[in-house]
Amino acid sequence: MLVLGIETSCDETSAAVVENRFKVRSQVILSQLEHSQYGGVVPEIASRLHSKNIHRVIKEALIKANISLKDLEGIAVTHGPGLVGSLVVGLMYAKGLSQSLNIPFIGINHLEGHMFSIFLTYPELRPPILYLLVSGGHTEIIYMKKYFQYRVIGYTVDDAVGECFDKVAKMIGLPYPGGPVIDQMAKEGDENFVNFPVPGHGDFNFSFSGLKTAVLYYLQKQKHDFIEKHIKDILASFQKAAVSALCDRLKKAIEVTKAEKVAIVGGVSNNSYLRKRCAKELKIEVYFPQRIYTTDNAAMIAASGAMRLERGERSPLSLPAKPSLYIEEG
Ligand code: KG4
Ligand code: ZN
């Protein structure tokens, strides 16, 4: 079964073709670099760029997959959560294409897409899997009991961890997105230089806005020269606190779920310090998707969509874009 995936929930316009669920025939990701000068994603600019580029991104994905439109058997599209103006562009395109080709389409929860990203790299992996989903928009611990059966163990009550990396980078004057830059710079820093509090909210939930404020207050108290001299140490200390919050809660979640496999997905799963800490501290197998499937991509949407379509699921033409969409437990 050949399924086209479409992802436009934030600042990536992406299209992919998967064959038989998890074999990626092609993937195109157009990252909107236009936002970097603003230090974050500007929703209006994002939706305009999606509209401008979606047609050629999809066309390119079909060419790369060496297929034409009539070979497609289904369409999977992110319908939430995300920026409403951006979601609508992908969703409308999917609806139009499904009508004109007379093939079904299915709306996919972006978070479920991230969870399915692991199967693109490890198609033989089977649930139950405990997920740490860490990105610019989300920080969640979710237990996938079976495909499409979830239990949400923990979530963030305020900022997402990736957002926190981005905001700290912005405070220091580093470019957006800040996560990869901090990751690199912190490698040469002393993680014990500043003792930032490890943030959290109860046993399983996350809270990163306090850590962000702690870094801001710390910076405000220091002289410019001192910050310049110790920037790598400050970033390494921040990163240690943020990653400790993730590892601590993940360990508790492993205990309560008795999980035997962990998958860490989403943009922040690229963080080298997080990977190092997990390898050292978690006593069970930890899986990471290939780099191209960590940040927002359409292949992960096509993967979960292909499975849902195989099960006979269909979305109606009335399906709305849902800026706030949660994982349904069951
Ligand atoms: O999954 P993603 O592309 O978008 C959302 O769904 O939000 O994740 C983007 C986020 C950004 O906040 C970026 O700073 C962060 O992932 N990120 C990282 C690293 N690479 C990307 N954060 C920490 N370390 C990294 N190496
Ligand atoms: Zn995402």
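Remember, it's 1-based here, ligands and their atoms both numbered in the order they're listed. Keep in mind that the numbers below use all heavy atoms, side chains included, and drop hydrogens, waters and symmetry copies.
- Centroid-to-centroid, the aromatic rings of Phe165 and Phe238 come within less than 6.0 Å.
- Among all non-hydrogen protein atoms, the one lying nearest atom 14 (O) of ligand 1 is Asp166 OD1, 2.7 Å.
- The ligand atoms of ligand 1 that sit less than 4.0 angstrom from a heavy atom of His114 are 1 (O), 6 (O).
- Considering Glu112, His114, Arg21 in turn, Glu112 is the only one that fulfils the side-chain hydrogen bond (donor to acceptor under 3.5 Å, both in side chains) rule with Ser304.
- Nearest protein heavy-atom contact of atom 26 (N) of ligand 1 is Asp183 OD2, 2.9 Å.
- Remark: ligand 1 atoms within the under-4.0 Å shell around heavy atoms of Asn270 are 20 (N), 26 (N).
- Each of the following atoms of ligand 1 lies closer than 4.0 Å to a heavy atom of Gly162: 12 (O).
- Residues Leu133 and Tyr287 are members of one and the same hydrophobic cluster, defined by side-chain heavy-atom contacts under 4.5 angstrom among Ile, Leu, Val, Met, Phe, Trp and Tyr.
- Residue-to-ligand polar distances place Gly136 within reach of ligand 1: an N/O pair is separated by less than 3.5 Å.
- Nearest protein neighbour of atom 22 (N) of ligand 1, counting heavy atoms only, is Gly179 CA, 3.3 Å.
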Test salt bridge (charged side-chain N to carboxylate O under 4.0 Å, His left out) applied to Arg25 and Glu19, step by step: CA-CA 6 Å; Arg25 285 276 294 256; Glu19 184 175 350; 2.9 Å; yes
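- His230 and Phe193 have their aromatic ring centers within a separation under 6.0 angstrom.
- Under 2.8 Å from the Zn ion (ligand 2), one finds the following protein N/O/S atoms: His110 NE2, His114 NE2, Asp296 OD1.
- Among protein heavy atoms, atom 15 (C) of ligand 1 sits closest to Val268 CG2, 3.8 Å.
- Nearest non-hydrogen protein atom to atom 1 (O) of ligand 1 is Gly267 N, 3.1 Å.
- Under the 4.0 angstrom criterion for non-hydrogen atoms, Cys10 is not in contact with ligand 1.
- Residue pairs meeting the salt bridge (charged side-chain N to carboxylate O under 4.0 Å, His left out) criterion with at least one member in residues 192-217, sequence neighbours excluded: Asp159-Lys212.
- No donor-acceptor pair under 3.5 Å is formed between the side chain of Ser9 and the backbone N or O of Gly82.
- At a heavy-atom cutoff of 4.0 Å, ligand 1 is contacted by both the backbone and the side chain of Thr295.
- The protein heavy-atom contact nearest to atom 24 (N) of ligand 1 is Asn271 ND2, 3.0 Å.
- Electrostatic pairing of Glu163 and Lys167 counts as a salt bridge here, judged by a charged N lying under 4.0 Å from a carboxylate O.
- Ligand 1 is never approached by Gln184 to a heavy-atom distance shorter than 4.0 Å.
- Between Tyr147 and Phe119, the ring center distance clears the sub-6.0 Å criterion.
- Leu101 and Met92 fall into different hydrophobic clusters, where Ile, Leu, Val, Met, Phe, Trp and Tyr are joined by side-chain heavy atoms under 4.5 Å apart, directly or via other members.
- A heavy-atom separation below 4.0 Å is found between His110 and ligand 1.
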side-chain hydrogen bond (donor to acceptor under 3.5 Å, both in side chains) evaluation trace for Ser237 with Glu191: CA-CA 4 Å; Ser237 305; Glu191 66 189 50; over 6 Å; no
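- The side-chain tip of Arg275 points at the ring of Phe288 from less than 6.0 angstrom away and within 45° of straight on.
- Under a 4.0 Å heavy-atom criterion, Thr294 is in contact with ligand 1.
- Between Tyr155 and Phe206, the distance separating the two ring centers is not shorter than 6.0 angstrom.
- For His79 and Asn109, the side-chain atoms include no donor-acceptor pair closer than 3.5 Å.
- For atom 6 (O) of ligand 1, the nearest protein heavy atom (residue, atom name, distance) is Asp296 OD1, 2.9 Å.
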